[in-house]
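So you know, we letter chains A, B, ... as the sequences are listed, proteins then strands, and number each from 1.
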Number of protein chains: 2
Amino acid sequence: MSRSALYLQIFDILVERISKGVWRPGRALPNEIELAREFSVSVGTIRKALDKLEADRVISRLQGKGSFVLDHNSEKLTFRFSKIVDENGSRVGEGPTTMLTQKIALAKPDERRCLALRDHDEIVRTRRLRHHVGRPCRYETSCLAMARLGITSLEEVGDYLIVPLAQKRGVHLARASEKLTVAAAPVDVAALLHTEPGKMLLKLDRLIFGLDGDPVEWRVALCDLRNEYYAAQMQ
Amino acid sequence: MSRSALYLQIFDILVERISKGVWRPGRALPNEIELAREFSVSVGTIRKALDKLEADRVISRLQGKGSFVLDHNSEKLTFRFSKIVDENGSRVGEGPTTMLTQKIALAKPDERRCLALRDHDEIVRTRRLRHHVGRPCRYETSCLAMARLGITSLEEVGDYLIVPLAQKRGVHLARASEKLTVAAAPVDVAALLHTEPGKMLLKLDRLIFGLDGDPVEWRVALCDLRNEYYAAQMQ
DNA sequence: GCGAATTTGTGCGTATGTATT
DNA sequence: TAATACATACGCACAAATTCG
């Protein structure tokens, strides 16, 4: 026997095809019967693979219509790892940004540790400021594992949003793990956020992982909350 | 036709039986073939119902052994809505408690709103202090929707943990939604937490829902974090 | 407006694989 | 080794939603 269940092997093949752009975001996959024929398996096996693709947010299925590759440029998916909302429940801090610095560098020890990188791996380190209704509300430092995204130059990155960027590079983001603490604003950050040093901030330390389980981005954000809050969901 | 799929009807029946204690926590359900016989459906239909029970953390299944009712008194499940951990990753703030006040009362407007109660519904309002390695670390105010848990007196509550309490009362908790903000310690809370007024605290405003979608408990906590953090997971 | 074609959703029954006891 | 129970896989039939002529 092979090392894993048939439906999981088919899942892997379908993920790979979608990553490579065989079926593009928003487009329909072949129907279940065609897929079953192609792989010489039963429709039930295809359905279990599609079940998992749906659970992992790679596709959506609509009875009577078909199975569609999800487009992670959509509002809902792009900001699925952004948990800060205002009183109306609308996302905060994903609006206009001010890029402060961005460069390619060798990963420092803590970056290597967080991103599970080797000694000479490179990262894209970005510092920026995010705004909400005209006010600077968040200071961010982020690190991208270049090799994981197949990135070789800064031009491929720019003022990115991680979810659409990952989709463009054929990487499916599966989950994120975030550590929250409270922190006093350092002098330099306070200046950038137009607030006083020592101001209470919410600190977000987030790691995003791909479907393969490897970390892709590490981001630390300092948030100056007004009437906003971090909305966590648990199951 | 009936209003929902067969496997969902069976899911409902199985949940109800487990809630009523027909199969107790830790015990095995009848095997799939027996269940199929009892309900006069195919094994595949039973399996879909069991899939959902497993996804909703009502049972766990072990190949070769059987399907078992989960015991929410276990460490892992009891604290699944407690997200604060220390550097070692172990839970914080679920240790010894100091009960401050506890009483049955008519729900106030904000409590009615949060818990989706009617005008004359009663709640159990509890204020307490939680400790970690001897230090007071968290001040909590919680509200229990009495009717939802079938509670009629304070003796049935006491210094409760919500997950085991809900299991005891035959309610399956499905999910929680929590709002996080930073807050300055009020004078009275600062005294209780042995810290200075104005100290930066993490404020947790949490609502827990049952499998039926109804809110069961509303809790607001003020946390004095040392080397601890709130660990959020996202998918 | 309606019916036919298409596609996913639900359900049945059976056979075989794999882990546990 | 044998019995038991869940996991995987196959194939078929029909229901329900969508689309289109």
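In this structure, A:Arg57 and B:Gln235 have side chains that are in contact, with non-hydrogen atoms separated by less than 4.5 Å. Here the side chains of A:Arg169 and A:Arg148 are not in contact, with every heavy-atom distance at 4.5 Å or above. Taking the side chain as every heavy atom from C-beta outward, B:Ile59 and B:Trp23 never approach each other to under 4.5 Å. Side-chain contact between B:Pro25 and B:His72: absent, with no pair of heavy atoms (C-beta onward) separated by less than 4.5 Å.
If you measure from atom CZ of A:Phe68 to atom C1' of D:dT19, you get 11 Å, rounded to the nearest angstrom.
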Side-chain donor-acceptor pairs of residues 61-70 of chain B under 3.5 Å, sequence neighbours excluded:
from: B:Arg61; atom 1: NH1; to: B:Asp51; atom 2: OD1; distance (Å): 2.6
from: B:Arg61; atom 1: NH1; to: B:Glu54; atom 2: OE1; distance (Å): 3.4
from: B:Arg61; atom 1: NH2; to: B:Glu32; atom 2: OE2; distance (Å): 3.4

TODO: Give the B/S/- string for nucleotides 5-12 of chain C, one per nucleotide from 5' to 3', where a protein heavy atom under 4.0 Å of the base yields B, of only the sugar-phosphate yields S, and otherwise -.
DONE: -BBBBBSB

